[in-house]
A.B. asks: 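Below: one structure in structure tokens.
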Amino acid sequence: MILDRIEELLQEISNLSAKNAEEVEQLRLRYISKKGEINALMSDFRNVAADQKKAVGIKINELKQNAIAKINELKEQLESTASDSDDIDLTRTSYPIELGARHPITIVRNEIIDIFQRMGFTLFHGPEVDDDKHVFTMLNFAADHPARDMQDTFFIEQSDPTDVTKNVLLRSHTSGDEAHYMETHEPPIRIICPGRVYRNEAISARAHCFFHQVEGLYVDKNVSFTDLKQVLLTFAREMFGADTKIRLRPSYFPFTEPSAEMDISCNICGGKGCGFCKHTGWVEILGCGMVDPHDLAACGIDPDVYTGYAFGMGVERITNLKYRVSDLRLFSENDTRFLDEFKSAY
């Protein structure tokens, strides 16, 4: 029986043919791989009578050599056929492929990062899935702060309301990245933290359930509000032009004191007043302030020795100002007609 099977396989192998490399590989797997036909014969070999083992062994070896030779022959035939096709342009794609474009959010985010890195800030990425401790508690958010409400924050798990480390959520701002960094690093600290954030909001032309922020933090001895103002003025002029003016208005954030919101002179009308700036000549772009001593202490930094400032901006907001994109939904719809408009932006 085994000798008959060997003869059948010899006949099959002698008649093998293939049109491409994939078919050659399939033939190799079928006949000479570990799970192939020839290897399967070895399992039956132990059942061969002792006086026939030598003859059968010789035939199996002959079969294997023939199979290897045939597979190699088919490979060589395909290679020689391919080399004969000198008229084929190997640099041309088999079908037209258009080059893509960087997303406008990526373009602006990279520009923001580059500006602050040139001012000595280093890059730090925190987790998008975080806990209540780093996103809220260490940043001085009160237990009843509305940002903790399910209507604003996407909570993944709230297994123990008394243990903030077990309340898992999608971060609602990148300020939590600062808590992570301060907790594990000693001053001086100078970082920027770009990333995607999530809030439970209705999607519209002016709001979305996810967007992008860039957070900045500087902690050292004798850091003042003047240092913060100069860094932000430098950023505004690098991003929007040398004639850009800024103004700081008093505001409130749980993790900074004093706090401010920063406006820039409208880069569309030059500060004269238009529909985009609501005829005020100013456009708000970020929030900032001096790091609250509570935050420093919560992260293990002595507030009697060190001070610091922090700021945070929405990347979509900056992108709107640079490219006048009126509908936030365009950023996440992946419409190639919209994205193609930014091919020359980098």
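Position 1 is the first residue of the sequence, and the numbers go up from there.
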A.B. asks: Answer yes or no: are there more than 12 heavy-atom neighbours, outside E22 itself, under 6.0 Å from its atom CD?
C.D. replies: no
A.B. asks: Rounded at 0.5 Å granularity, tell me how far CD in E111 sits from CD1 in I113.
C.D. replies: 11.0 Å
A.B. asks: Assigning hydrophobic clusters by single linkage (Ile, Leu, Val, Met, Phe, Trp, Tyr; side-chain heavy-atom cutoff under 4.5 Å), is I68 placed with I60?
C.D. replies: yes
A.B. asks: Once ring-ring contact (aromatic ring centres under 6.0 Å, His included) is applied, do any residues pair with H185, and if so which ones, sequence neighbours excluded?
C.D. replies: Y181
A.B. asks: Is any side-chain heavy atom of Q65 less than 4.5 Å from a side-chain heavy atom of N61?
C.D. replies: yes
A.B. asks: Would you find more than 12 non-hydrogen atoms of other residues, nucleotides or ligands less than 6.0 Å from E186 atom CD?
C.D. replies: no
A.B. asks: Please go through F211's hydrophobic cluster and name the other residues, only I, L, V, M, F, W, Y counting, with side-chain heavy atoms under 4.5 Å joining them.
C.D. replies: V197
A.B. asks: Crowded around N222 CG? As in, over 12 foreign heavy atoms under 6.0 Å?
C.D. replies: no
A.B. asks: Would you please classify the geometry between the H173 ring and the F141 ring as parallel, tilted or perpendicular, with 30° and 60° separating the classes?
C.D. replies: perpendicular
A.B. asks: How many angstroms lie between CG in L217 and CD1 in I189, if you round to the nearest 0.5 Å?
C.D. replies: 6.0 Å
A.B. asks: Does the side chain of E7 pick up a donor-acceptor pair with the side chain of Q11 at under 3.5 Å?
C.D. replies: no
A.B. asks: Kindly list each side-chain donor-acceptor pair under 3.5 angstrom involving residues 312-322, sequence neighbours excluded, with atom names and distances?
C.D. replies:
| from | atom 1 | to | atom 2 | distance (Å) |
| --- | --- | --- | --- | --- |
| E316 | OE1 | H212 | N | 3.0 |
| E316 | OE2 | H212 | N | 3.4 |
| E316 | OE2 | H212 | ND1 | 2.8 |
| R317 | NE | E284 | O | 3.0 |
| R317 | NH2 | E284 | O | 3.4 |
| T319 | OG1 | V315 | O | 2.7 |
| K322 | NZ | M239 | O | 3.4 |

A.B. asks: Would you say L339 and P104 make side-chain contact, with heavy atoms under 4.5 Å?
C.D. replies: yes
A.B. asks: Ignoring hydrogens, what is the shortest heavy-atom contact between I32 and A67? Give both atom names and the distance.
C.D. replies: CG2-CB, 3.5 Å
A.B. asks: F116 vs F121 aromatic rings, parallel, tilted or perpendicular, using cut-offs 30° and 60°?
C.D. replies: perpendicular
A.B. asks: Please determine whether side chain to side chain contact (heavy atoms under 4.5 Å, CB included) holds for the pair V223 and V291, giving the CA-CA distance in whole Å, both sets of side-chain angles, and the decisive distance to 0.1 Å.
C.D. replies: CA-CA 10 Å; V223 177; V291 179; over 6 Å; no
A.B. asks: Looking at side-chain heavy atoms only, is the closest gap between E37 and E12 below 4.5 Å?
C.D. replies: no
A.B. asks: Ignoring hydrogens and geometry beyond distance, is a side-chain donor-acceptor pair present between Y323 and E341 at under 3.5 Å?
C.D. replies: no
A.B. asks: Can I71 and V24 be said to form a side chain to side chain contact (heavy atoms under 4.5 Å, CB included), step by step?
C.D. replies: CA-CA 7 Å; I71 297 298; V24 173; 4.0 Å; yes
A.B. asks: A side-chain contact here means heavy atoms from C-beta on lying under 4.5 Å apart; do E25 and R28 qualify?
C.D. replies: yes
A.B. asks: Is there a side-chain contact between L228 and Y218, using heavy atoms and a 4.5 Å cut-off?
C.D. replies: no
A.B. asks: Where do L248 and A260 come nearest, in terms of heavy atoms and distance?
C.D. replies: CB-CB, 4.3 Å
A.B. asks: With sequence neighbours left out, write down each residue that passes side chain to side chain contact (heavy atoms under 4.5 Å, CB included) with E128, or none if nothing qualifies.
C.D. replies: R171, R196, Y198
A.B. asks: Is the shortest heavy-atom distance from the side chain of F136 to the side chain of P254 under 4.5 Å?
C.D. replies: no
A.B. asks: Are there more than 12 heavy atoms of other residues, nucleotides or ligands under 6.0 Å from atom CG of N15?
C.D. replies: yes
A.B. asks: Please check if atom NZ in K70 has more than 12 non-hydrogen atoms from other residues, nucleotides or ligands closer than 6.0 Å.
C.D. replies: yes
A.B. asks: Mind checking whether R102 and F342 have side chains closer than 4.5 Å, heavy atoms only?
C.D. replies: no
A.B. asks: Will you find, in the side chains of H134 and D131, an N or O donor that is under 3.5 Å from an N or O acceptor?
C.D. replies: yes
A.B. asks: Return the set of residues passing ring-ring contact (aromatic ring centres under 6.0 Å, His included) with F210 (not counting sequence neighbours), or none when no residue passes.
C.D. replies: H208
A.B. asks: If you define the side chain from C-beta out and look only at heavy atoms, does anything of L169 sit under 4.5 Å from I156?
C.D. replies: no
A.B. asks: Determine, stepwise, if the pair V129 / L170 fulfils side chain to side chain contact (heavy atoms under 4.5 Å, CB included).
C.D. replies: CA-CA 5 Å; V129 179; L170 295 178; 3.9 Å; yes
A.B. asks: Which pairs of donor and acceptor atoms, one on a side chain in residues 270-280, lie under 3.5 Å apart (sequence neighbours left out)?
C.D. replies:
| from | atom 1 | to | atom 2 | distance (Å) |
| --- | --- | --- | --- | --- |
| T280 | OG1 | C277 | O | 2.7 |
| T280 | OG1 | W282 | N | 3.2 |
| T280 | OG1 | W282 | O | 3.1 |

A.B. asks: Can you tell me how far apart CZ (F235) and CD1 (I246) are? Round to the nearest 0.5 Å.
C.D. replies: 11.0 Å
A.B. asks: Could you state whether V231 and L123 fall into the same hydrophobic cluster, counting links through intermediate Ile, Leu, Val, Met, Phe, Trp or Tyr residues with side-chain heavy atoms under 4.5 angstrom apart?
C.D. replies: yes
